[in-house]
Structures are given as C-alpha cells and as structure tokens.
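Note sheet for the following structure.
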There are 2 protein chains.
Amino acid sequence: MHGRFILHTVIKLWGTRGMNIGKLAKNSGVSAKTIRYYESIGLLPPASRSANGYRVFEDSDLQTLRFIQRARGLGFSVKDVLHLLSLWRDPGRSSSEVKALARRHMEHIDTRIDDLQTMRRVLDDLAHRCHGDSHPECPILDTLAGANANVDTGSEEKS
Amino acid sequence: MHGRFILHTVIKLWGTRGMNIGKLAKNSGVSAKTIRYYESIGLLPPASRSANGYRVFEDSDLQTLRFIQRARGLGFSVKDVLHLLSLWRDPGRSSSEVKALARRHMEHIDTRIDDLQTMRRVLDDLAHRCHGDSHPECPILDTLAGANANVDTGSEEKS
DNA sequence: CCTTGACCTTCCTGTGCATGGAAGGTTTAT
DNA sequence: ATAAACCTTCCATGCACAGGAAGGTCAAGG
C-alpha cells in the first residue's frame with residue numbers, strides 16, 4: 001500500500017519533471033542556443049535524450065542554469081563559473097576558496113575600472129578642449145596624431 | 001664610375017627610407033603580426049612591396065600606426081579608429097563630428113564603468129559576508145544559487 | 001660554397017562568449 | 001495534407017589579435 005503510493009508518486013513526478021530545451025529556455029531566460037553551447041563546453045552536464053533525440057532537462061538543470069546566469073551577471077568568466085559550480089557541488093569545500101576566487105575577480109574588475117576611468121578622463125579633457133564646430137581644427141585628432149602635448153593613454157610601450 | 005657611384009648612393013638612400021615590417025614594429029611598438037592584420041582590415045593602406053615580396057613601409061605608415069595606437073589606447077574600436085583616420089585625413093572635416101564620435105565613445109565607456117561598479121559593489125558585499133574559513137558555508141555560493149533574497153517563489157508555474 | 005640564423009611571406013587555428021543561419025527531422029494542430 | 005512550432009547538427013560570424021606551420025630571402029661566417 002504504502003510502497004505503491006510512493007511508486008505512483010515517483011512515476012508521476014518523473015513524468016512531469018522533464019522539459020525540452022524550449023521550456024528550459026523560457027524558465028531560465030537563457031536562450032536555447034546558449035543552453036546547447038553551455039552543454040557543449042561542459043557548463044551544463046550532457047542532457048539525457050528522449051526517444052526522438054530531444055534533450056530532456058530536469059529541475060536541477062534549471063537551478064544550475066540560474067546559478068550560471070547570476071555568476072555571469074557578476075562578470076565571472078565561464079572558466080570561473082565552472083570552478084564555482086564545482087565548489088558549489090562540493091560539500092567539503094572551504095569558503096576561503098570561494099572567497100579567494102571572488103577576490104581575484106574583484107581585482108580584475110578593479111583593473112578594468114581603472115583603465116576605463118583613465119580613458120574617460122583623457123577623453124573628457126579632449127572633448128572639452130574641442131570646439132565641436134564646423135571648423136576642422138580639433139585637439140582630439142591633434143592629440144591622436146601626437147601633435148604636441150604628451151597624452152598618457154594608459155597603455156605604455158613595451159620595447 | 002662616377003655615375004655608378006651616384007646611382008648606388010641614390011639606390012641606397014631610397015632603400016634607407018623604407019622599412020621592413022620588423023623595423024616598423026620596433027619603431028611603433030606594434031607587433032608585425034598586428035601590422036599585417038591592420039593592413040588586412042584596411043586600417044593601414046596596403047604597403048608597397050620590394051622585389052622579394054617584403055612589405056616596405058614609409059614614415060607616414062609609422063605616423064598612422066601611432067595614431068591607431070593612441071586611439072586604441074583610448075578604447076576606440078577598430079571601426080571607430082577607421083572613422084577617426086578618415087576624419088584626420090579629411091581637411092574639410094568639422095570638429096563637431098570628431099567630438100560627437102568621442103562623446104558616443106565616452107557614453108559607451110560610462111556604461112561599462114557603471115556595469116563594472118555594480119558588479120564590484122555586489123561582490124564586495126558578498127565577500128564581506130563570507131567568512132573565508134575552512135567551513136563550507138558561503139553566502140557567495142548561496143547567493144549565486146539563489147538561496148535567500150529576491151527569488152521568485154515559483155507560484156506561477158504553467159505547463 | 002654552404003650553412004646558420006634572422007628576417008620575411010601566406011595560410012590556418014585558437015581565443016571568449018556567444019549569436020545567427022542553413023538544412024533537415026518531429027510533433028501537434030487544423 | 002499541410003502548416004507551425006518545435007527540435008537536431010554543423011558552419012559562420014564578430015572582436016582584435018596571437019601562435020604556429022611551411023616555406024622563401026638575405027647577410028655573415030667557416
């Protein structure tokens with residue numbers, strides 16, 4: 001009696017749970033194309049297939065996909081996401097490892113912000129010095145041409 | 001005798017003005033590989049060739065390369081640099097066009113800075129809340145997994 | 001004269017992160 | 001029967017180069 005109920009429930013849940021790639025795409029907000037891509041690079045495990053060859057996904061795939069989405073949204077590379085996923089699935093992980101990964105990523109972000117801000121400052125200065133009228137004279141072009149002032153573009157030569 | 005000497009000298013001088021790709025690379029700090037690439041996509045005009053098929057560059061190419069370098073250093077895309085180069089070479093340009101291009105680029109940079117700063121703030125917050133010890137508990141992973149905060153409770157399922 | 005090594009050439013592949021499309025099979029609805 | 005809405009694989013594209021293979025060229029030295 002009891003066993004039969006459980007079996008029934010299991011079968012029912014089992015039958016209800018699988019979804020095709022389109023549904024997973026809708027549920028996750030990640031395109032079917034990208035889901036296949038994630039599978040191909042190992043971010044998602046290879047989905048099982050139904051008789052017609054269609055991929056069948058489970059709820060766990062949806063969870064994984066959402067995890068990936070959030071991590072990518074924070075700028076983590078696919079490689080980092082792979083690492084984060086493995087840490088997530090590892091009950092024996094230490095949070096220090098996760099934190100270290102996050103910090104390395106933050107440093108990377110900081111570098112990029114600094115680079116962009118340097119560019120922004122230079123551009124802002126140049127734009128302010130450019131009249132922006134119908135005449136051809138333009139300090140922006142002059143500077144790019146290396147006319148007079150030495151502009152530090154942030155990327156120094158290495159020779 | 002004399003004529004031959006002069007001819008020799010002329011040829012030698014002529015030969016001195018042009019440079020091979022290696023020298024241009026050294027003088028500009030741009031790799032030979034990249035110089036060829038720039039030529040292939042039209043950033044640099046097709047270089048003339050000497051009898052052996054080697055590219056021969058002039059000082060004008062060096063100037064152009066430096067222009068490209070500075071523009072790239074300011075984050076302009078290759079496409080934008082193409083535009084900037086054409087404006088640079090156009091005596092009938094109006095500085096307003098240059099300025100507009102620069103401003104569009106600045107807006108783009110601002111957007112990227114904002115995005116990165118948002119990521120940075122979130123990461124910083126998560127990192128602060130993570131103990132970073134030998135235990136597995138980690139708010140970073142919890143957040144990526146969608147543990148607590150604003151996770152839709154999934155009451156709008158539709159199959 | 002021949003070799004060595006530093007040049008140079010073209011062509012193909014790989015990077016990161018997908019996106020777009022072609023060509024075709026399957027399922028469902030009308 | 002046919003359309004539409006799915007699904008499949010494989011190939012191409014974009015950015016801005018870098019790496020390397022396979023081979024031609026040139027100057028110096030034994």
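Heavy atoms only: backbone and side chains are in, while hydrogens, waters and symmetry mates are out. Order of the sequence lines sets the chain letters (A, B, ...), proteins ahead of strands, with each chain counted from 1.
- Residue B:I21 contributes atom CD1, which lies 15 Å from atom C1' of D:dT25 at whole-angstrom precision.
- Side-chain N or O atoms of B:R55 include none that pairs as donor or acceptor with a backbone N or O of B:A47 at under 3.5 Å.
- Rounding to whole angstrom units, CD1 of residue B:I41 and P of D:dT13 are separated by 16 Å.
- The distance from atom CD1 of B:I35 to atom P of D:dA16 is 17 Å, rounded to the nearest whole Å.
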Any chance you could list the contact pattern along nucleotides 17-30 of chain C? Use B for base contacts, S for sugar-phosphate-only contacts and - for none, protein heavy atoms under 4.0 Å, 5' to 3'.
BBBBB---BBS---
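- Shown here for B:R70 and A:L144, the closest heavy-atom pair between the two residues is NE-O, 2.8 Å.
- Rounded to whole Å, the distance from CE on B:M19 to C1' on D:dC26 is 20 Å.
- A donor-acceptor pair is defined here as one N or O able to donate and one able to accept, closer than 3.5 Å; no such pair exists between the side chain of B:T34 and the backbone of B:V30.
- Distance B:L65 CG to D:dC17 P: 11 Å, rounded to the nearest Å.
- Take B:D125 and apply the salt bridge (charged side-chain N to carboxylate O under 4.0 Å, His left out) test, not counting sequence neighbours, and it matches B:R129.
- Going from atom CD1 of B:I68 over to atom C1' of D:dC17 covers 14 Å, rounded to whole Å.
- At the phosphate of D:dT8, OP1 or OP2 sits under 4.0 Å from a side-chain N or O atom of A:R55.
- If you take CG of B:L44 and P of D:dA16, they are 15 Å apart, rounded to a whole angstrom.
- Between the side chains of A:S95 and B:D133, at least one donor N or O lies within less than 3.5 Å of an accepting N or O.
- Between B:R36 atom CZ and C:dC11 atom C1' the separation is 12 Å, expressed in whole Å.
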Check against side-chain contact (heavy atoms from CB on, under 4.5 Å), A:R89 and A:T64
CA-CA 10 Å; A:R89 294 197 260 253; A:T64 302; 4.0 Å; yes
